[in-house]
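Notes follow once the structure below has been shown.
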Amino acid sequence: MIVRILGEGQLVLEKDALAELNKLDDDLMAAVESGEQEKFEGAMQALLGKVRELGSPLPVEELKPSDFILPSSHSSLDEVRDLLSSDGLIPG
Amino acid sequence: MADGVMKRMSLIFKSKANKALDKYEDPRETLDYSYQKQMELLQKVRRGVADVATSRKRVELQMKKLQQEGDKLEGQARKALELGREDLAREALTRRANISAQIGDLNTQYESLQNQEENLVRQSKALEAKVESFRTQKETIKATYTAAQAQAQIGEAFSGISEEMGDVGMAIQRAQDKTAQLQARASAVDELMASGALDDPSGLAKDDITRQLEALSAGGAVDDQLAKMKLELSGGGNKALESGNGNGSYAAKSDEISDADVLKDGGAA
């Protein structure tokens, strides 16, 4: 499967990594909903770190849609919330 | 709990791509239109990279100027202390602390801008590679076009490129926001300098501390001169006598020499 980290690019991961990612993703979602900055930052870095650890970069010339997309590592809590609540933020 | 962050974000991107794909009835038109958009975006990214670089250089220059100004204030504080003006020294050091804070602030922004610039350059290269790949696929698809097959092929290439474009587009926006933020701050510092609240590091306009220090030094020189004049006036006779004596002894000396010369001449004769 392919995961994109916004601002970084696409990574290819084994499908069985999904269970682990889903757990971290649930933590992140909970942190976003809680609105707690520290919790959010911790959860974001944990998830992004895991994706980077398990993934290898998709060659740049390959044109494939990602199965999952993650915010860029320097996104703020508000930015992530906005990203999830509307599609108006994505240009083009 | 419904979908998490990663799934929801990917759905948002996909729906955006699908909307764009549905705009045209003939998939070949979609391909050309998208390619045109990609070229525009590439131009935009390149401009974005250039803008960020310009902004970075401007802030770099400003931090340098502020640094010089801080050094100058430190020198002034030292000089003020030497002249026994602790109040002026304190004022200079207070301004210097203010400038250091400004530098620290700008530096934080600067580093994050630099980071964004690097990312933007990397993303622009990735987009370039993908656009080129899209162009090749587009030509193949158009050449071997059968509606059903093309739809499927277009789907993947199109979603792929549209996702990339969305990502790059967001990166450009972020970089532009950051640049605007930094420019606003740099302008504020420029305005402060122009208004004289922070002084002009070019050194052309003199700030009040410099003026006071110069007045102190000049004052010292004037005091010295006054003291000398007072001395000349009050003990004027002594001074005249002293120089008279000096002249006298010189005259006497030349007399002696003359005598000696005469003796010498006499002896020789």
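Worth knowing before you read on, the calculation uses all heavy atoms, side chains too, and leaves out hydrogens, waters and symmetry mates. Residue numbers begin at 1 in each chain, while the letters A, B, ... track the order of the sequences.
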Inter-residue atom distance A:S75.OG - B:M170.CE, 0.5 Å rounding = 7.0 Å
So CD of A:E79 and CZ of B:R174: to nearest 0.5 Å the spacing works out to 7.0 Å
Report the residue from A:L47, A:L24, A:D25 that forms a side chain to side chain contact (heavy atoms under 4.5 Å, CB included) with B:V5.
-> A:D25
Using the side-chain contact (heavy atoms from CB on, under 4.5 Å) rule, take A:F68 and B:L11 through it: C-alpha gap first, then chi angles, then the decisive distance, then the call.
-> CA-CA 8 Å; A:F68 301 105; B:L11 286 176; over 6 Å; no
Can you see which heavy atom on A:V60 is nearest to which on B:A129, and at what distance?
-> CG2-CB, 3.7 Å
Interatomic distance, CD@B:Q123 vs OG@A:S72, rounded to 0.5 Å, equals 9.0 Å
Measure B:A171 against the heavy atoms of chain A and call it side chain, backbone, both or neither at under 4.5 Å.
-> neither
Indicate the atoms forming the closest heavy-atom contact of B:G4 with A:M29, along with that distance.
-> C-SD, 4.0 Å
Provide the closest heavy-atom pair for A:P65 versus B:S159 in the form atom of the first, atom of the second, distance.
-> CB-CB, 3.6 Å
Kindly say whether A:E61 contributes a backbone atom to a donor-acceptor pair with the side chain of B:S133 at under 3.5 angstrom?
-> yes
Give the minimum heavy-atom separation between A:L83 and B:I12, together with the two atoms involved.
-> O-CD1, 3.1 Å
Keeping the roles fixed (side chain from B:K130, backbone from A:E62), state whether a donor-acceptor pair exists under 3.5 Å.
-> yes
Residue A:D67 versus chain B: region with a heavy atom under 4.5 Å = backbone
Residue A:K64 excluded, over 12 heavy atoms near NZ under 6.0 Å = no
Part of A:P71 within contact of chain B (heavy atom distance under 4.5 Å) | both
Compare every heavy atom of B:M9 with every heavy atom of A:L70, then report the nearest pair and how far apart it is.
-> C-CE, 4.0 Å
Rounded to the nearest 0.5 Å, how far does CG of A:L63 lie from CD of B:Q137?
-> 5.5 Å
In Å, rounded to the nearest 0.5 Å, how long is the span from CE of B:M6 to CG of A:D26?
-> 8.5 Å
Kindly determine whether B:E163 and A:R4 satisfy salt bridge (charged side-chain N to carboxylate O under 4.0 Å, His left out), including the steps that lead there.
-> CA-CA 9 Å; B:E163 188 185 305; A:R4 174 185 293 269; 2.5 Å; yes
Measure the CG-CD distance between B:D167 and A:E8 for me, rounded to the nearest 0.5 Å.
-> 9.5 Å
Identify which of B:K125, B:E128, B:R122, B:E40 forms the greatest number of heavy-atom pairs closer than 4.5 Å to chain A.
-> B:R122
Neighbour count >12 (heavy atoms, 6.0 Å) for atom NZ, A:K23 | no
Please check if atom CD in A:E38 has more than 12 non-hydrogen atoms from other residues, nucleotides or ligands closer than 6.0 Å.
-> no
For each of B:Q116, B:E164, B:K7, tally heavy-atom pairs with chain A at distances under 4.5 Å, and name the one with the top tally.
-> B:E164
Tell me, side chain or backbone of A:I2 under 4.5 Å from chain B's heavy atoms, or both, or neither?
-> neither
Name the region of B:K37, side chain, backbone, both or neither, that has any atom closer than 4.5 Å to a heavy atom of chain A.
-> neither
